[in-house]
Amino acid sequence: MPAKEIAPKHIAAPLLAWYDRSHRRLPWRAPPGANAADPYRVWLSEIMLQQTTVAAVIPYFEHFTTRWPTVEALAAAEDGDVLAAWAGLGYYARARNLLACARAVAEGHGGHFPSTEEALLGLPGIGAYTAAAITAIAFGERAVVVDGNVERVVARLFAVEEPLPSAKPALRTLTDTITPTARAGDFAQAMMDLGATVCRPRSPDCLVCPIADSCDAARRGIADLLPKKAQKAPRPVRYANVYVLRDRGEILLVRRPPRGLLGGMLGLPMSEIADAPMADNTHPGAPALTRWSRGEGRVTHVFTHFELHLTVFSGDLSGITKPAGDWRAADESAARDLPTLFRKALDFAACVDDF
DNA sequence: GAAACGTGGAC
DNA sequence: TGTCCAAGTTT
């Protein structure tokens, strides 16, 4: 019954001491000894960090906070500007929910984020993890903050053999038992930092871990085998066509439907996504009836749940009525606001046709 | 509960 | 090269 032997203070005290010693400076973190963190910055960083690495987030966070320093400023922004600023970060529903949340806070809460988990959970894009993280980090209130790092640390600490994701409820309960009341935000961040830098998914560095004394997996030498994970489904391969339509120095971009894959983002005109390649002489989803020339080869882009093989067609408008859409100068900057998928397709087309 | 939803870095 | 993974949420 190792769970009983690990008292909160045996974890929190050495962990917090380690955190104070090794404190990582990150743009959304209040410097040591400074005033409490700004809820807007905490919230923004937590949304951006969902399933996304710190290194990828930093430049986006700097850009967003410079351009929209407050939640009210963000709430007043144009949808297209925010989505464009998010381009390349991925999981674009986050950007759509970000705006919806900012507007809810600005209009429904007087520009102040609510400070309870329950109220935070009611806001778009804020789930169990983010609500707890904001409660602890921005408001200093005790909350049980469980992300992927914490699950890993706790699974090892208590040598939980049950695989994820079914172990989630047990891991949450165990996290509750070691969560202190004091320094709630620091404890949460310390757990996540530990998971990111010491209690890593592969090759955990138990020799330098501040809580290895209390760790059942370390004691038994099985830390690198935990947590166990259920097998994931294989990634299917799918196909689509994209169209680079030119008119003199411009190319056509279109706004995608507001939900679903890359929802709301600007992109190249694209066919439906199919399970097999389309015949070269049919052009479902093409923006105009013109002569299309197929690029040699395909662009491959790997999403979480499928691998997309894109055939890139280019064509010239040459006198046909200009279809509606966002016509952009056909240079490198055309790809600026686009999801990576379309940046790749444009790069591919540029290599083939050098426009 | 399972599937949808991006991207880039590490090994 | 392929696989795994990163501070998850929504439907």
Side-chain angles (χ1 to χ4, degrees), chain A residues 24 26-29 37 41-61 83 86-98 100-101 120-138 143-153 164-169 172 175 185 187-197 199-204 224 227-238 256-265 267 273 300-308 338-344:
Chain A
R24 285 202 292 171
L26 297 171
W28 44 87
R29 211 114 98 173
R41 295 167 66 89
V42 172
W43 163 73
L44 179 61
S45 68
E46 291 300 343
I47 301 298
M48 288 184 166
L49 285 163
Q50 289 168 6
Q51 297 291 285
T52 308
T53 57
V54 167
V57 164
I58 288 174
Y60 285 86
F61 181 83
L83 292 173
W86 196 277
L89 238 203
Y91 283 147
Y92 298 99
R94 293 184 297 170
R96 304 192 300 268
N97 286 328
L98 188 81
C101 183
L120 287 162
L121 270 174
L123 293 168
I126 297 183
Y129 160 75
T130 305
I134 294 172
T135 301
I137 298 169
V144 182
V145 180
V146 185
D147 75 329
N149 288 303
V150 175
E151 284 178 346
R152 183 171 58 256
V153 171
L164 286 170
S166 61
K168 280 173 179 285
R172 205 262 180 200
T175 305
F187 178 78
Q189 292 179 88
M191 288 285 281
M192 295 189 281
D193 267 17
L194 188 75
T197 64
C199 195
R200 299 176 294 240
R202 286 174 294 211
S203 328
D224 60 335
K228 297 181 178 176
K229 298 208 166 183
Q231 268 196 320
K232 29 189 75 124
R235 208 190 323 262
V237 176
R238 310 186 72 187
R256 296 179 57 77
R259 291 198 222 265
L261 190 74
L262 311 174
M265 300 298 291
I273 295 172
T300 298
H301 188 73
V302 180
F303 294 103
T304 306
H305 52 308
F306 65 97
E307 183 175 314
L308 183 60
L338 305 186
T340 302
L341 169 68
F342 298 117
R343 293 184 194 180
K344 283 187 188 176

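A note on names: the letters A, B, ... follow the listed sequences, proteins ahead of strands, and every chain is numbered from 1. Note that this is a predicted model, so its numbers are computed, not measured.
Residue Thr130(A) is in sugar-phosphate contact alone, with no base atom involved, counting any heavy-atom pair closer than 4.0 Å across all strands shown. Across all strands shown, Leu308(A) has no heavy atoms under 4.0 Å from either base or sugar-phosphate atoms. Counting non-hydrogen atoms under 4.0 angstrom, Arg256(A) reaches nothing in the nucleic acid. Counting any heavy atom pair closer than 4.0 Å across all strands shown, Ala233(A) reaches no nucleic acid atom. In this structure, Trp28(A) reaches the bases: a heavy-atom distance under 4.0 Å links it to at least one base atom across the strands shown.
Note: CE (Met192(A)) to P (dA6(C)) measures 13 Å, nearest angstrom. We find that CG of Asp193(A) is positioned 14 Å from C1' of dA6(C), with the value rounded to whole Å. Atom pair Lys229(A):NZ and dT3(C):P shows a separation of 16 Å (rounding to whole Å applied). Between the CZ atom of Phe61(A) and the P atom of dA6(C) there is a distance of 22 Å, given to the nearest Å. Whole-Å rounding puts the Tyr129(A) OH to dT9(C) P distance at 8 Å. Atom pair Arg259(A):CZ and dT11(C):P shows a separation of 7 Å (rounding to whole Å applied).
Residues passing the salt bridge (Lys or Arg N to Asp or Glu O under 4.0 Å) test with Arg238(A) are Asp275(A), sequence neighbours excluded. Partners of Arg24(A) under the salt bridge (Lys or Arg N to Asp or Glu O under 4.0 Å) rule, at least two apart in sequence or in another chain, are Asp193(A). Shown here are the salt bridge (Lys or Arg N to Asp or Glu O under 4.0 Å) partners of Arg94(A), two or more places apart in sequence or in another chain: there are none. Scanning for side chain to side chain donor-acceptor pair (under 3.5 Å) contacts around Ser166(A) gives Glu162(A), with sequence neighbours left out.
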Whether each nucleotide of nucleotides 6-11 of chain B has a protein heavy atom under 4.0 Å at its base (B), only at its sugar-phosphate (S) or at neither (-) is summarised, 5' to 3', as BBS---
Please tabulate, for the side chains in residues 120-128 of chain A, all donor-acceptor contacts under 3.5 angstrom to protein atoms that are two or more places apart in sequence or on a different chain.
none

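Between the P atoms of dA6(C) and dC5(B), the separation comes to 22 Å (whole Å). Here, dG6(B) and dC5(C) have their C1' atoms 13 Å apart, quoted to the whole Å.
Aromatic ring pairs are classed by plane angle as parallel below 30°, tilted from 30° to 60° and perpendicular above 60°; the pair Phe303(A) and Phe306(A) is tilted.
Both Val54(A) and Asn97(A) lie close to DNA chain C; mapped to their nearest nucleotides by heavy-atom distance, the more 5′-ward contact belongs to Val54(A).
When only modelled atom types and interatomic distance are considered, Tyr129(A) and Gln50(A) share no side-chain donor-acceptor pair under 3.5 Å.
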